[in-house]
Visitor: 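First the structure, which I've put down as structure tokens, then a few questions once you've had a look.
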Amino acid sequence: MADRELALANFEAATGCDDITESIEQLERHNWILVDAISAYIPKDLRAGPSADEGNGIVAAASDDDPAKNDAEANDGFSWASWQTEGISTSAMDFRVTPSTSVPFSTSRMISLNVEWRDQMIPLVVSEDVTIAQVKSLIEARTHVPVDEQTLRGWPHKDVASRDDMTRLSDLNLPKNVTLFLLSPPNVGKETLVSNKVSEASSSIAKVKLDIEYDGRKTMIPYSLTKTIGEFKQDMKNLFNVEPRHQEWHGFPKIVTDNMVLGDVGLLLPIHALRLTSVTKAQVDRPPPPPPSVEKMDGVQEEESSDDANYEDGDAMFSLGDDSLPQVKTRELLLPENSEDNADSLLQFLVQFQDRYGEIRPDFYVGAFGEAIKEAFECKAIERKPLVVYVHHDFSIQSNVFCSTVLCSAPVVQYLNDNFVTWGWDVTHKTNEKRLLEIVTKHFGSVVADTVENFKPDQLPVLLIVVKSRGGMDVFAVLQGHISGDELMANLMSACDAFQQAKEIDVKEEAERAARQEIKEQQDAAYKASLEADRQKAELQERARQEEQVQLLAKERAAQNVIQEKVKEEEKQRELRGRLPSEPPDDGSAKLAVLRFRFPDGSQVTRRFLAENRLELLFMFVASQGYPQPKFCIKANFPKKEISALADTLTFEAAGLCPRETLFVEEVAQ
């Protein structure tokens, strides 16, 4: 029995198989002959990465043929982490969540805000210490409706509408749960609405940056919103070495279960803060197995050579003994074969690197190399940093020593994280080496690519220190893994000093450009204001000219009307004069009525009529002079009477106008 226990321990140490059931089955399949069992197991373990059956838990999920992933890379420069997990429990009892907000943790009262907008319900959990303006900023991040376009209705108290946006929620005496209604212009936010439900069609670009705090250290991880809580817990287990059943999360807006999708939880976008604590006081690591021994075919056991026994866990993937049997060191490569330059691969690189060398490590940039360059150099001059490219190879003895004693030493890590953007890559597989050479050739040219290509595996790892100069990006130094920590720090400081000189010039020039741009904008604004004033003046002048033309046309039209009326009146007067009988002679042959007319214009006219004529001739004569009835009336003063009021059938004699009378023609008051 003791021999079998020793064989089992040796098998597990040699193969790294953590599944005791599988180890026993493998040994029983080969009659507990250790050499045969190990020989049969090694080909399986050395194929392209561990299988799901081996329980490693994390494998890259996205491929080059995934169009959604490629679209995401085209839009962002990198795709967000997408991992597949096996054997994850979906029991809600495994997950303990303390409801909290995604803003920094505090003891203040939390308020649940449900914001209804266009048939969408947006849940927010905030501290009562935040202001209305901060609430609107959170809403803008979810709906893309600008703060100044937002109108919030439904506050429990009417006087809230009179408060400004800097009012804190604690001043409003709000209940724990509040439902608000967001009003916005019809077209604002329509195209960029971020729904709490992440659809399948948008799964490749549904992402959030998780700012995770654990054991006093913060880590920023891009993560897919389409993953379940169970998958998230399993990924965090591989990153922080905390079993899912021991994970207690603070920062989710509501109670969640393992089968819920992150997009349904109500995380804040683009960044959500979480805090992880372990429900156990300490993580119990499995004790290391005894040194493996190899049982030869003749049954005689031989101890491992002293060289084999001295290998560290990170020295090499395998070594050849006297019988050429590979002694496998179990660990997953930093990058699997055929890795792509994207966030998925770089997240696995970070996870595996931390799993090997601990949490004190450089903050490797999780994203494509082009995005790392933008992060380092394509920002404001004052924010630029040099770039460090770490090239790793697992078959190099220097890799484990350099990473453990130099690269991950506290001073180096602190200096790198404060002053550099660090990007890592593993060239253990030839396909990944080819990919790196393509990247280096594209961004730095063939000379640097040839330099990297000429390094043999035992000369790796190397650090490429890249700075931005006036002419573009330059490789400041290429440092091999055999250098000491002091030498590395000296080179890093030298690169920072050289970069700082160019940076100061860029900062100065950027400030000068900003000043020139500000002056130009002011001049443009003044010019536009002048043009606007000239335009308004021209419009006023044009409006005055048009009004003047309208008035002139109206006057001309009125004058023409007067002329036409006058012509008509003259024609009518001529007609009336033609109809009047001739004035009778004053020869005593007939009784006459001699009438003197005084007209409104001051003129006087004397006319003789027969006494027997009717008054219609009188009215016709006055009208022929331009004074028709009813506009004008005819009056006599002695005795005073109005002649125009008499019937036109009366004779002059009957009207009392014989033999003589003076008549006054007057305009009738309107």
Side-chain angles (χ1 to χ4, degrees), residues 16 49-50 56-60 78 81 83 210 212 214-215 217-223 234-242 283 285 312-317 329-337 339-369 371-372 375 387-417 420-429 432-433 435-436 439 457 460-464 479-481 485 488 492:
N56 288 311
I58 297 180
V59 294
F78 63 92
W83 304 100
L210 297 178
I212 300 177
Y214 174 65
D215 197 20
R217 180 184 178 90
K218 288 190 175 184
T219 304
M220 185 72 71
I221 302 174
Y223 209 81
Q234 186 65 26
D235 288 348
M236 296 306 103
K237 177 253 184 181
N238 288 281
L239 183 61
F240 297 112
N241 198 24
V242 179
Q283 296 180 0
D285 295 331
E312 295 291 335
D313 186 37
D315 288 343
M317 293 300 293
K329 299 296 182 180
T330 61
R331 65 183 180 193
E332 193 171 350
L333 293 178
L334 297 185
L335 286 178
E337 189 174 5
S339 292
E340 286 298 318
D341 175 27
N342 56 33
D344 289 349
S345 298
L346 272 298
L347 180 60
Q348 175 163 344
F349 182 94
L350 183 148
V351 170
Q352 295 300 326
F353 191 95
Q354 179 172 306
D355 184 60
R356 291 189 191 184
Y357 305 113
E359 293 185 352
I360 301 178
R361 51 152 180 82
D363 286 339
F364 291 105
Y365 183 84
V366 179
F369 187 71
E371 294 296 322
E375 181 77 12
L387 175 65
V388 168
V389 180
Y390 172 68
V391 182
H392 183 88
H393 200 299
D394 262 325
F395 290 170
S396 171
I397 298 176
Q398 290 290 345
S399 294
N400 186 65
V401 176
F402 176 75
C403 292
S404 301
T405 62
V406 178
L407 186 61
C408 293
S409 63
V412 172
V413 168
Q414 184 69 36
Y415 195 77
L416 276 174
N417 294 344
F420 290 84
V421 174
T422 308
W423 188 84
W425 193 257
D426 181 10
V427 295
T428 304
H429 284 293
N432 295 340
E433 178 184 358
R435 179 62 178 153
L436 177 65
I439 294 171
L460 298 175
V462 297
L463 289 174
L464 306 179
L479 308 177
Q480 292 183 246
L488 177 58
L492 293 176

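Predicted model, so just to flag it, every value in this text is computed and none were measured.
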Visitor: Do the rings of H393 and F395 sit parallel, tilted or perpendicular, given the 30° and 60° boundaries?
Guide: tilted
Visitor: Could you check if a side-chain atom of V412 sits within less than 4.5 angstrom of a side-chain atom of L416, using non-hydrogen atoms only?
Guide: yes
Visitor: Which label fits F353 and F364: parallel for a plane angle under 30°, tilted from 30 to 60°, or perpendicular past 60°?
Guide: perpendicular
Visitor: State, yes or no, whether a side-chain contact exists between N417 and V413 at a heavy-atom distance under 4.5 Å.
Guide: yes
Visitor: For a 4.5 angstrom cut-off between non-hydrogen side-chain atoms, does Y365 reach F420?
Guide: no
Visitor: Looking at D394 and R356, is any side-chain nitrogen of the basic one under 4.0 Å from a carboxylate oxygen of the acidic one?
Guide: yes
Visitor: List the residues meeting side-chain hydrogen bond (donor to acceptor under 3.5 Å, both in side chains) with Q414, not counting sequence neighbours, and say none if there are none.
Guide: D418
Visitor: Is the ring centre of F349 less than 6.0 Å from the ring centre of W425?
Guide: no
Visitor: Salt bridge or not for D355 and R361, using N-O below 4.0 Å?
Guide: no
Visitor: Are the side chains of Y390 and D426 in touch, meaning some heavy atoms are under 4.5 Å apart?
Guide: no
Visitor: Got Q348 and S339 here, is their nearest side-chain heavy-atom distance under 4.5 Å?
Guide: no
Visitor: Taking all heavy atoms of Q352 and all of L333, pick out the closest pair and write down the distance.
Guide: CG-O, 3.7 Å
Visitor: Tell me whether S345 contacts the main-chain N or O of N342 through its side chain, where contact means a donor paired with an acceptor under 3.5 Å.
Guide: no
Visitor: May I ask you to test the V351-D235 pair for a side-chain heavy-atom distance under 4.5 Å?
Guide: no
Visitor: Judged by atom type as modelled, is there a donor-acceptor pair below 3.5 Å linking the side chain of S396 to the main-chain atoms of L460?
Guide: yes
Visitor: Tell me, do L464 and V388 make a side-chain contact under 4.5 Å, heavy atoms counted?
Guide: no
